[in-house]
Amino acid sequence: MQFASRLSNLQTSIYSQLAELKTEMEQAGKTLINLSIGSPDLAPPKEVRQVLSEQALDEQAYDYTLTRGTPEFREACAEWYKMRFDVDLNPETEVLPVMGSQDGISHIFWAFIDKGDAALIPDPGYPIYSDGLALAEGKKIPLPLKAENGFLPDLSKLDSKLADEAKLMILNYPNNPTAAVAPASFFEQVAQFAAKHKIVVCHDAAYTELSFDDYRPASFLQAKGAKEVGVEFHSLSKSFNMAGVRLGFVVGNAMVIKALETIKSNIDYGTFRPILQAGTAALLGSGEATIRENQRTYQRRRDIWVDGCASAGWKMPKPKGSMFVWAPVPTEQDSLSFVFELAREAGVILVPGIAFGEHGEGYIRVSLVQNEASLEEAVQRVRLFLQSKKV
Ligand SMILES: Cc1ncc(COP(=O)(O)O)c(C=O)c1O
């Protein structure tokens, strides 16, 4: 068998090492507290589950919906955007459903990147950005996210030749993995930069609804000129705890949306109709209550983890958004060694920062996806581990 080289260009190694480690630990009879993958443990609104199950019984529900999905779902996305961000969208041309934002983001590269074309990718960054670009055989220009800049890329430091070369830029706030948030002024700066260098901006807004301490993240589309240069990807996975349902949507520039639709219409035949109906119910129905409940739940979890670790001598910033905490490695180890040792000795599984790119080294990512009792237990285990390491 001769595999395509693109297979080996994907960054699966750290995740498979973590999966092997988990199996090894389970076989050794250890009770694990898994704070690695960002899959929500909370339930979607009851109304969403009801719509999904009732509509699935409808004999007429099993046709292809095709890539554009139903007008009702696109209208619901536009209405929700207006309510949440006061941004006007044309549901016919400026909204497209996706099968999770992962689907949309991975395919957007195919619409803009030919072999060797360059894209600006945050480092550290959510892996699909680099992997999607690698599948399109594009060239990555990393945008380093550094603590001293609040984990925002410093666009003024980017070589203008590289900026001119880039066709696409990916951004993501609230950010995975750094949990940083972006002020509206940053998005204004991005829109101007993209117009100047003719770059298509793709803002991954998966975590705008997960924010704390009364902070409400902005939309990139609120920035002046944003709709002329880019789009924003939304996910129902985290906002409404619907990760397994695979539903999201992309909004913004009509030409970018059309290009993505063209790619996707050659790949998929759309989302199951009851899923679109359930998504509409989440956006326009009882979803807001779920968002508020999630915010309270994750905020409590964040405080248990961050305050607990601080009292154990491990200090880290308290994030304003996302479901993650981004913490400096508290020992003299690199991030991978720390994660492996903590897992083997304490049974707490985190993700090494290096898994998100070279600028992630020195950090680890914690996903707040366990209940409060498990998080308290995890903190206790971390405390004993750090005491044994004399931190
Ligand atoms: C930043 C970011 N973008 C996109 C996704 C994928 O979301 P979806 O479930 O909508 O594909 C995730 C999932 O963890 C994420 O963290």
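For ligands, and for the atoms within them, numbers begin at 1 and follow the listed sequence.
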Counting distance only, does the side-chain N/O of [X] pair as donor-acceptor with the main-chain N or O of [Y] below 3.5 Å?
X: R74; Y: G69; result: yes
X: H107; Y: L260; result: no
X: D117; Y: D114; result: yes

Consider ligand 1: state whether an atom of it lies below 4.0 angstrom from any non-hydrogen atom of [X].
X: R246; answer: yes
X: Y129; answer: yes
X: F233; answer: no

OH of Y129 to CZ of F356, rounded to nearest 0.5 Å, is 11.0 Å
Drop me the distance from M99's CE to R246's CZ, to the nearest 0.5 angstrom. 10.0 Å
Could you tell me whether F233 and F249 have their ring centroids closer than 6.0 angstrom?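 Aromatic pair excluded; centres sit 6.0 Å or further apart.
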Would you check, one step at a time, whether the test side-chain hydrogen bond (donor to acceptor under 3.5 Å, both in side chains) holds for S374 with N371? CA-CA 5 Å; S374 299; N371 63 31; 3.0 Å; yes
Can you sort out which atoms of ligand 1 are near G100, meaning under 4.0 Å from one of its heavy atoms? 8 (P), 10 (O), 11 (O)
So if I count the atoms of ligand 1 from 1 in the order they appear, which ones are less than 4.0 Å from some heavy atom of N176?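 Going through ligand 1 atom by atom, the ones under 4.0 Å from N176 are 1 (C), 15 (C), 16 (O).
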When you measure from [atom] to every protein heavy atom, which one gives the shortest distance, and what is it?
atom: atom 2 (C) of ligand 1; result: D204 OD2, 3.3 Å
atom: atom 16 (O) of ligand 1; result: Y207 OH, 2.6 Å
atom: atom 13 (C) of ligand 1; result: K238 NZ, 3.1 Å
atom: atom 7 (O) of ligand 1; result: S101 OG, 3.3 Å

So does R296 pair up with E293, basic N to acidic O under 4.0 Å?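 Salt bridge between R296 and E293, a charged N being under 4.0 Å from a carboxylate O: yes.
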Judging by distance only, is a nitrogen or oxygen of N172 under 3.5 angstrom from one on ligand 1? no
Hey, does D103 come in under 3.5 Å of ligand 1, counting only N/O atoms on both sides? no
Which is closest to atom 9 (O) of ligand 1 in terms of heavy atoms, G244, G125, S237? S237
